[in-house]
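In what follows, a structure is listed as structure tokens, so that the remarks can point back to it.
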Amino acid sequence: MFSPCSRHLFFSTQLRRLQSTLVLAEHNNEGLLPVTQNALSAAKKIGGDISVLVAGTKCGPAAEQISKASGVSKILVAESDVFKGFTAETLAPLILATQKQFSFTHILAPATAFGKAILPRVAAKLDVSPITDIIGVKDANTFVRTIYAGNAILTLEAKDPIKVVTVRGTAFPPEPLEGGSAAVEKAPEGDYKTDLVEWVSQELTKSDRPELTSAKNIVSGGRGLKSGDNFKLLYDLADKLNAAVGASRAAVDAGFVPNDLQIGQTGKIVAPNLYIAVGISGAIQHLAGMKDSKTIVAINKDPEAPIFQVADYGLVADLFKAVPELTSKL
Ligand SMILES: Cc1cc2nc3c(=O)[nH]c(=O)nc-3n(C[C@H](O)[C@H](O)[C@H](O)COP(=O)(O)OP(=O)(O)OC[C@H]3O[C@@H](n4cnc5c(N)ncnc54)[C@H](O)[C@@H]3O)c2cc1C
């Protein structure tokens, strides 16, 4: 006989068992990208059985890495030249075939350019609503996400039978790649070739600096820098702090820096321990990408600049004087 309390526990445990999540791994064949570990952490919060799909050209090393994460029951690997460039047009049919075979209740991917390109396509084919860029999991059906450029927080209950979800990496701690030994199996085979697109080439920026979305410290510059050359001031400061360098959209649009440095609503979302905003006014679209940073420092010559409203430490000063001074003291 069950007491009411133990019955509740019994049924919720059974429900969690019935749930099964597929996490789509983001990787570069040689290794996992850290956002996959954040997505895995969201999958664990949902509960139930977890599988990870690793698709690529020669993605054995990435599959091996994720197989070490605890709490993952199987790794499904799809290796083929058709997955060159990780195009949504080839990966979506693979995910659909995997879904057909295993009937997952949840399909998760990081809310990066990669996940954002693929999962809405998968959701459309499954005739469910995609749940994008979640920052929290209340239970298996209830998710938290931001709306209005991060100015309001929405809790939504999804009624679709399959939840197709992208996960904001900065909102979930990375799951360590240790303690587990998941079985590695082949993902369903099929003809995933497409005539819709052809991957031609890619040029990747090579940098010794930490990657923006996983950096612990970020120095970010805005229109106040006045030119691309002046970003050298920020690179010098970043070197002292082992920081990544970011930028506002105004700095990117002005051609000071490439657009992969853009932080904000239409750029990258970051939440480092330390964010130093230099010559950035603090428009809401910029704040949407960095206001969850643990400590925010703002350097701006205008005491009325909105960035000071979110800053923990503010310095009203000319950046061309303050930044070299700060760098020399570190
Ligand atoms: C749909 C949409 C999406 C957007 N997405 C993004 C986004 O993802 N990311 C983003 O950043 N923006 C985004 N924007 C643009 C955003 O609205 C702002 O225009 C932009 O963030 C401003 O950049 P900024 O702060 O560098 O420039 P400005 O607003 O021009 O601010 C420059 C600041 O530099 C200061 N300054 C100037 N000279 C000095 C000096 N010598 N020393 C110290 N301080 C100095 C000034 O006081 C000023 O506060 C978006 C806008 C829209 C409409």
Side-chain angles (χ1 to χ4, degrees), residues 35 110-117 132-133 135 145-152 154 166 168-171 205 211-215 217-238 241 243-272 274-293 296-330:
V35 276
T112 53
F114 169 79
K116 286 185 202 171
T132 56
D133 206 12
I135 59 166
R145 60 188 300 275
T146 61
I147 51 172
Y148 302 123
N151 281 310
L154 170 88
T166 60
R168 183 179 293 189
T170 53
T205 331
E211 203 273 318
L212 252 186
T213 51
S214 52
N217 302 322
I218 294 177
V219 179
S220 197
R223 198 181 340 239
L225 265 294
K226 297 196 168 53
S227 77
D229 289 345
N230 289 336
F231 261 74
K232 166 134 193 355
L233 295 175
L234 302 195
Y235 284 112
D236 290 345
L237 176 58
L241 296 167
V245 171
S248 71
R249 175 156 158 185
V252 169
D253 287 350
F256 299 171
V257 285
N259 69 358
D260 60 330
L261 262 55
Q262 185 179 318
I263 289 168
Q265 186 188 337
T266 42
K268 290 182 174 154
I269 309 273
V270 298
L274 174 66
Y275 187 90
I276 306 183
V278 182
I280 291 178
S281 60
I284 53 163
Q285 295 90 351
H286 187 78
L287 302 187
M290 46 62 75
K291 71 175 172 1
D292 291 334
S293 306
I296 298 173
V297 175
I299 303 176
N300 197 305
K301 67 178 183 188
D302 174 9
E304 303 297 324
I307 191 77
F308 288 124
Q309 285 165 24
V310 297
D312 300 285
Y313 299 94
L315 185 59
V316 179
D318 185 332
L319 71 91
F320 295 103
K321 211 169 153 276
V323 174
E325 222 173 284
L326 185 58
T327 308
S328 71
K329 297 229 156 100
L330 283 166

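We number each residue from 1, following the sequence as shown. Note that the structure is predicted; figures quoted are calculated from it, not measured. Counting starts at 1 for both ligands and their atoms, in listed order.
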- Message: I'd like to check I280 versus N300 (side-chain heavy atoms, cut-off strictly below 4.5 Å). Are they in contact?
- Response: no
- Relative to the heavy atoms of G267, which atoms of ligand 1 are at a distance of less than 4.0 Å? 8 (O)
- Item | Protein residue, atom and distance nearest to atom 7 (C) of ligand 1, heavy-atom basis | Q262 NE2, 3.3 Å
- Query: Can you tell me the protein heavy atom closest to atom 43 (C) of ligand 1 and the distance?
  - Reply: K301 N, 3.2 Å
- Atoms in ligand 1 flagged as close to F320, the criterion being non-hydrogen separation under 4.0 Å: 41 (N)
- Shortest protein contact, atom 25 (O) of ligand 1 (heavy atom only): S281 N, 2.7 Å
- Nearest heavy-atom neighbours spanning S248 and G222: OG-CA, 3.4 Å
- Query: Considering only protein heavy atoms, which is closest to atom 42 (N) of ligand 1, and at what distance to one decimal place?
  - Reply: L319 N, 2.8 Å
- Heavy atom of the protein closest to atom 12 (N) of ligand 1 (residue, atom name, distance): R249 CB, 3.2 Å
- Taking all heavy atoms of F231 and all of A251, pick out the closest pair and write down the distance. CZ-CB, 4.1 Å
- Looking only at non-hydrogen atoms, find the nearest pair between V252 and Q262 and report the distance. CG2-CB, 3.8 Å
- One finds that the ligand 1 atoms under 4.0 Å from a non-hydrogen atom of G222 are 26 (O)
- Task: Could you check atom 17 (O) of ligand 1 against the protein and tell me its nearest heavy-atom contact, residue, atom and distance included?
- Result: Q285 OE1, 2.8 Å
- Task: Show which atoms of ligand 1 fall inside a sub-4.0 Å distance from at least one heavy-atom site of K226.
- Result: 38 (N)
- Message: With heavy-atom distances below 4.0 Å as the criterion, list the atoms of ligand 1 near Q265.
- Response: 7 (C), 8 (O)
- Do ligand 1 and G279 have nitrogen or oxygen atoms that lie under 3.5 Å from each other? yes
- Task: For F308 and V316, run side chain to side chain contact (heavy atoms under 4.5 Å, CB included): C-alpha distance rounded to whole Å, both residues' side-chain angles, the deciding distance at 0.1 Å, then the answer.
- Result: CA-CA 9 Å; F308 288 124; V316 179; 3.9 Å; yes
- Query: Counting only heavy atoms not in Y313, do more than 12 fall under 6.0 Å of its OH?
  - Reply: no
- Task: Kindly give the heavy-atom pair with the smallest separation between T166 and T132, and that separation in Å.
- Result: OG1-CA, 3.2 Å
- Query: Who gets closest to atom 49 (O) of ligand 1 by heavy atom: D318, T266, N300, L225?
  - Reply: N300
- Message: Check R168 with D133, please: is the shortest side-chain N to carboxylate O separation under 4.0 Å?
- Response: yes
- Quick one: does atom 19 (O) of ligand 1 have a protein heavy atom under 4.0 Å from it? no
- Message: Show, in sequence, the C-alpha distance, side-chain angles and deciding distance for L287 and I307, and conclude whether the side chain to side chain contact (heavy atoms under 4.5 Å, CB included) test is met.
- Response: CA-CA 8 Å; L287 302 187; I307 191 77; 4.0 Å; yes
- Task: Using a 4.0 Å heavy-atom threshold (strictly under), name the region of S248 that reaches ligand 1: side chain, backbone, both or neither.
- Result: both
- Query: Which heavy atom of the protein is the closest neighbour of atom 27 (O) of ligand 1, given with residue, atom name and distance?
  - Reply: R223 CB, 3.5 Å
- of all protein heavy atoms, closest to atom 36 (N) of ligand 1 is G224 CA, 3.8 Å
- Note on the structure: What one should report as the nearest heavy-atom pair of A322 and L315 is CB-CD2, 3.9 Å
- State, to 0.1 Å, how close G224 and L319 come at their nearest heavy-atom pair, and which atoms those are. O-CD2, 3.5 Å
- Query: Please walk me through it: do D312 and V297 pass side chain to side chain contact (heavy atoms under 4.5 Å, CB included)?
  - Reply: CA-CA 6 Å; D312 300 285; V297 175; over 6 Å; no
- Message: Below 4.0 Å from ligand 1: does a non-hydrogen atom of A317 turn up there or not?
- Response: yes
- Do I263 and ligand 1 have an N or O pair less than 3.5 Å apart? yes
- With only distance considered, is A283 within less than 3.5 Å of ligand 1 through an N or O on each side? no
- Query: Would you say the side chains of E211 and T213 form a donor-acceptor pair under 3.5 Å?
  - Reply: yes
- Atoms of ligand 1, numbered as shown, that sit under 4.0 Å from any heavy atom of A250: 22 (C), 23 (O), 24 (P), 26 (O), 27 (O)
